[in-house]
There are 2 protein chains.
Amino acid sequence: MSDVKGAATPGAAALRATLVFNLGTLGALATDRFAARVEALGLKPKHAGLLAALDAESAASQQELATRLGVVPSLIVSLADQLQALGAVERVRDPEDRRRQVLTLTAEGRRLLARCAEAAEAADAELAAGLTAAQRTALGRELRALRAAQTPDGR
Amino acid sequence: MSDVKGAATPGAAALRATLVFNLGTLGALATDRFAARVEALGLKPKHAGLLAALDAESAASQQELATRLGVVPSLIVSLADQLQALGAVERVRDPEDRRRQVLTLTAEGRRLLARCAEAAEAADAELAAGLTAAQRTALGRELRALRAAQTPDGR
DNA sequence: TATTGTTATACTCTATAACTATA
DNA sequence: TATAGTTATAGAGTATAACAATA
């Protein structure tokens, strides 16, 4: 109703105040920074996500992984192809159901995963350089809480 | 050094504990949820970002907007084309430098921006449904702090 | 007939490069 | 010659759909 000139409309301020807006923009920034650091390993963020998912549940069928990561099965095929070419994962036919390809991390895969963790920690340090230790701890805690609040086994 | 069987390697736990990993995955999720809600308005998240940037600084050249949003100028052209077709922005030649196209929000643009804010708030409610009010407030505060800590005029 | 994985294909998003007009 | 914007083109990433092998 008011028509104050020069002041921002409530709309933009309201949008900028939302979680989704801030999570979206900061998430894109964080992913870019992380991607730049794992590029030298021959990996993209999605590869790191797949390695982490594999390590968390050690050995899983490609279909399981597809739903766990929230992507389509054909994408798992190409990610796994690339990781296999790097020697990071092994594909083994499940003897109990020969349609299934069971993926497992190799020693090299675990080594790469550890490198990814280092890269993420370095990106964290860069991203949170302007925050106090207390702020950073609080942020980490709240993000984990939000993550836990998503569909229990969410991506 | 230890080789506990069945336990996750330190790598995955370490990666999952980082800010970039959690920001990246939650950011992608948040953006998807937001995108689903603004789709009916004929908008994608990037359009909402451009509207918000325009509202915050009311009228800007396309080059300014490109650097502010961290995208290439040619992307601003197509986003602005689409917003103009929706009647959300106006392009006016700067009389002092006729190479410049100054973009401004129209009344319809402000209306759409307000709708985007509503969509984001609805997505927030869905995303943070499992959090306490205190957790949600804390998360919002920490995210704004992190955002403020990026390159002062960061995207 | 249903399911797992694979391949072939197409679509979306965004960037790079070439071009136009103004300065 | 340099800059703002535009257009043309190409690449990355991911999805959809058709297919093969196994259940």
Side-chain angles (χ1 to χ4, degrees), chain A residues 24-25 27-29 31-36 38-50 53-54 57 59-85 89-104 155, chain B residues 24-25 27-29 31-36 38-39 42-50 53-54 57 59-85 89-104 155:
Chain A
T25 54
L29 181 61
T31 300
D32 285 352
R33 300 270 179 89
F34 178 63
V38 293
E39 191 176 14
L41 304 173
L43 302 177
K44 301 279 170 75
K46 284 254 153 76
H47 296 119
L50 181 46
L54 265 182
E57 301 242 349
S61 79
Q62 297 186 186
Q63 295 275 344
E64 279 168 26
L65 288 166
T67 56
R68 204 186 299 172
L69 297 181
V71 296
V72 89
S74 63
L75 180 55
I76 301 292
V77 173
S78 71
L79 292 173
D81 281 351
Q82 293 155 354
L83 289 173
Q84 193 174 28
V89 302
E90 272 180 345
R91 272 191 174 102
V92 182
R93 285 271 170 210
D94 181 345
E96 305 205 336
D97 181 346
R98 292 182 39 75
R99 291 173 305 183
R100 301 185 141 215
Q101 294 271 45
V102 176
L103 294 183
T104 52
R155 67 167 178 177
Chain B
T25 54
L29 181 60
T31 300
D32 284 354
R33 299 268 179 91
F34 178 64
V38 293
E39 191 176 14
L43 302 176
K44 300 277 170 79
K46 284 253 153 74
H47 295 120
L50 180 47
L54 265 182
E57 302 241 350
S61 79
Q62 298 187 184
Q63 295 275 344
E64 280 168 25
L65 288 166
T67 56
R68 202 186 300 172
L69 297 181
V71 297
V72 89
S74 64
L75 181 54
I76 301 292
V77 174
S78 70
L79 291 173
D81 282 351
Q82 293 155 355
L83 289 173
Q84 194 173 26
V89 303
E90 272 180 346
R91 271 188 174 103
V92 182
R93 286 272 169 209
D94 181 345
E96 304 205 337
D97 182 345
R98 292 182 40 72
R99 292 172 303 181
R100 300 185 142 216
Q101 294 271 45
V102 176
L103 295 183
T104 52
R155 66 163 177 182

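Chain naming here is simple, since letters A, B, ... match the order of the sequence lines and numbering starts at 1 in each. Computed from a predicted model, the values in this text were never measured in an experiment. These numbers come from the heavy atoms of this one structure, side chains and all, not from hydrogens, waters or symmetry mates.
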Rounding to an integer number of Å, can you tell me how far B/Q62 CD sits from C/dA21 P?
17 Å
Closest to the side chain of B/S61, out of D/dT22, C/dT6, D/dG5, is D/dG5
Given C/dT6, D/dA15, C/dT22, the nucleotide with the shortest approach to the side chain of B/R99
C/dT22
Report the distance from atom CZ of B/R100 to atom P of D/dT6, rounded to the nearest whole Å.
13 Å
Between D/dT6 atom P and B/Q82 atom CD, what is the distance in whole Å?
13 Å
Can you see which heavy atom on A/A60 is nearest to which on A/R68, and at what distance?
CB-NH2, 3.7 Å
Could you check how far CD of B/Q63 sits from P of C/dA23, rounded to whole Å?
15 Å
Closest contact, heavy atoms only, A/A80 versus A/L103
CB-CD1, 4.0 Å
On DNA chain D, compare the nucleotides closest to A/L75 and B/A60; which residue's is nearer the 5' end?
B/A60
Can you tell me the distance, in whole Å, between the NE2 atom of B/H47 and the C1' atom of C/dT12?
12 Å
Select one nucleotide: of C/dA23, D/dT7, C/dG5, the one nearest the side-chain heavy atoms of B/S74.
D/dT7
Going by an N to O cut-off under 4.0 Å, is there a salt bridge joining B/K44 and B/E39?
no
So if I take every side-chain heavy atom of A/K46 and compare against D/dT14, D/dT22, C/dT6, which nucleotide ends up nearest?
D/dT14
Side-chain donor-acceptor pair present, A/Q62, A/R91, cut-off under 3.5 Å
yes
In whole angstrom, what separates B/D94's CG from D/dG5's C1'?
13 Å
Is a donor on one side and an acceptor on the other found under 3.5 Å between the side chain of B/T67 and the backbone of B/E64?
yes
Mind calculating the distance between CZ (B/R93) and P (D/dT3) to the nearest angstrom?
18 Å
With respect to the phosphate group of C/dC13, does any side-chain polar atom (N or O) of B/K44 fall under 4.0 Å of OP1 or OP2?
yes
Testing C/dT7, C/dT16, D/dT14 for proximity to the side chain of B/V72, the answer is C/dT16
So which one's nearest nucleotide on DNA chain C is more toward 5', B/S78 or A/Q101?
A/Q101
May I have the distance from B/R91 (atom CZ) to D/dA4 (atom P), rounded to whole angstrom?
16 Å
